[in-house]
Amino acid sequence: MNENDFRSNILPFSGKMLRRAVQLLKNEDDAQDVLQDVFLKLWQQKEVLWQIENIEAYLSQMVKNRCIDIIRSNRIISLDFAKDKELTGRSANDLNNETELRESADQIKKLIGKLPELQQKVMYLRDIEQLEYEEISKNTGLTVNAVRVNLSRARKKVRDEFLKLNSDENKKNNTITATLF
C-alpha cells in the first residue's frame, strides 16, 4: 500500500475512530494520542494491509485495544506512589493514611521477594506488566493452567502472610489488601 492508498482508504476513518477512543477514554487528548499511535502502527504495517478484509473493523479493534492498554496502565498503582507525593498541605489523617499505605507497600514488596522465583515472575508479568495468561505462558514455558495456579498461590501466600503480620491491627489492613490485590 502506498501513501495515496493509505490516505484514501484508511485516513477517512480517523473521525469515527477518534469518537470511539474518546468514548472509551473520556479524554480527547488521550484519544488523539491513541489515534496517532494506531495510524503510525498501521503505516508501519502498510505492506500487509491489503490482506485485511475489513480495514474498518481491524482499525476499530486496534483503537479499542490501545484504549484498554491506557486504561489498564492508569489503574496500576505503584507501590512507591506515596514516596512521590508531596506531603505539604495535608491533614494529619491524610499523612497517617499515606504512612500506613507506604508501610504496607514495603511489607508487600518484601513478601513478594520471599516467593519462589517462578511465582514472583508470574505475579510481576500479570499484575505489573498486565500481560494476558497466554503471553505469560509463552514467556515462562508454563501451561496457561500452571500460570493461573502459580499466580493464585503467589497472591494467596502474600495476602495470608500480610494479614498474619498485621493481625493485631484493625480492619483497615483488610481494605488495603483488597485494594492491592
Could you go step by step and tell me if Y124 and I112 meet the side chain to side chain contact (heavy atoms under 4.5 Å, CB included) rule?
-> CA-CA 9 Å; Y124 174 80; I112 291 171; over 6 Å; no
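- Note that CG of L59 is 9.5 Å distant from CD1 of I52, once rounded to the nearest 0.5 Å.
- Criterion: ILVMFWY side-chain heavy atoms under 4.5 Å apart, direct or through other members. Under it, L131 and M123 are part of a common hydrophobic cluster.
- For CD of Q45, the number of neighbouring non-hydrogen atoms (other residues, nucleotides, ligands) closer than 6.0 Å is greater than 12.
- Under the rule for a side chain to side chain contact (heavy atoms under 4.5 Å, CB included), the partners of E161 that lie at least two apart in sequence or sit in another chain are L111, K157, K164.
- Closest approach of K114 and Q120 over heavy atoms only: N-NE2, 4.2 Å.
- Residues L35 and S14 come closest through the heavy atom pair CD2-O, 3.4 Å.
- Once rounded to the nearest 0.5 Å, the distance linking CD of E3 with CZ of F6 reads 9.5 Å.
- Listed here is the closest heavy atom pair of L142 and A146: CB-CB, 4.0 Å.
- Residues E117 and K121 are not paired through a salt bridge, judged by the lack of any N-O separation under 4.0 Å between the basic side chain and the carboxylate.
- How far CG of L11 is from CZ of F13: 10.5 Å, rounded to the nearest 0.5 Å.
- At least one side-chain heavy atom of I70 sits less than 4.5 Å from a side-chain heavy atom of V34.
- Screening V158, L151, N150 for a side chain to side chain contact (heavy atoms under 4.5 Å, CB included) with Q119, the sole residue that qualifies is N150.
- Rounding to the nearest 0.5 angstrom, the gap separating the CD atom in Q61 from the CG atom in N65 is 4.5 Å.
- The structure places CD of E103 at 12.5 Å from CG of L165, a figure rounded to the nearest 0.5 Å.
- Looking at heavy atoms from C-beta onward, E56 lies in side-chain contact with K16 at the 4.5 angstrom threshold.
- The two residues A154 and L115 come nearest to each other via the heavy atoms CB-CD1, 3.8 Å.
- The main-chain N or O of E135 is never found under 3.5 Å from a side-chain atom of N139 such that the two would form a donor-acceptor pair.
- Checked against side chain to side chain contact (heavy atoms under 4.5 Å, CB included), R148 has the following partners two or more places apart in sequence or in another chain: Y133, V144.
- Rounding to the nearest 0.5 Å gives a distance of 10.5 Å between CD1 of I10 and CE of M17.
- Screening L24, L18, V22 against R20 for a side chain to side chain contact (heavy atoms under 4.5 Å, CB included) leaves a single residue, L24.
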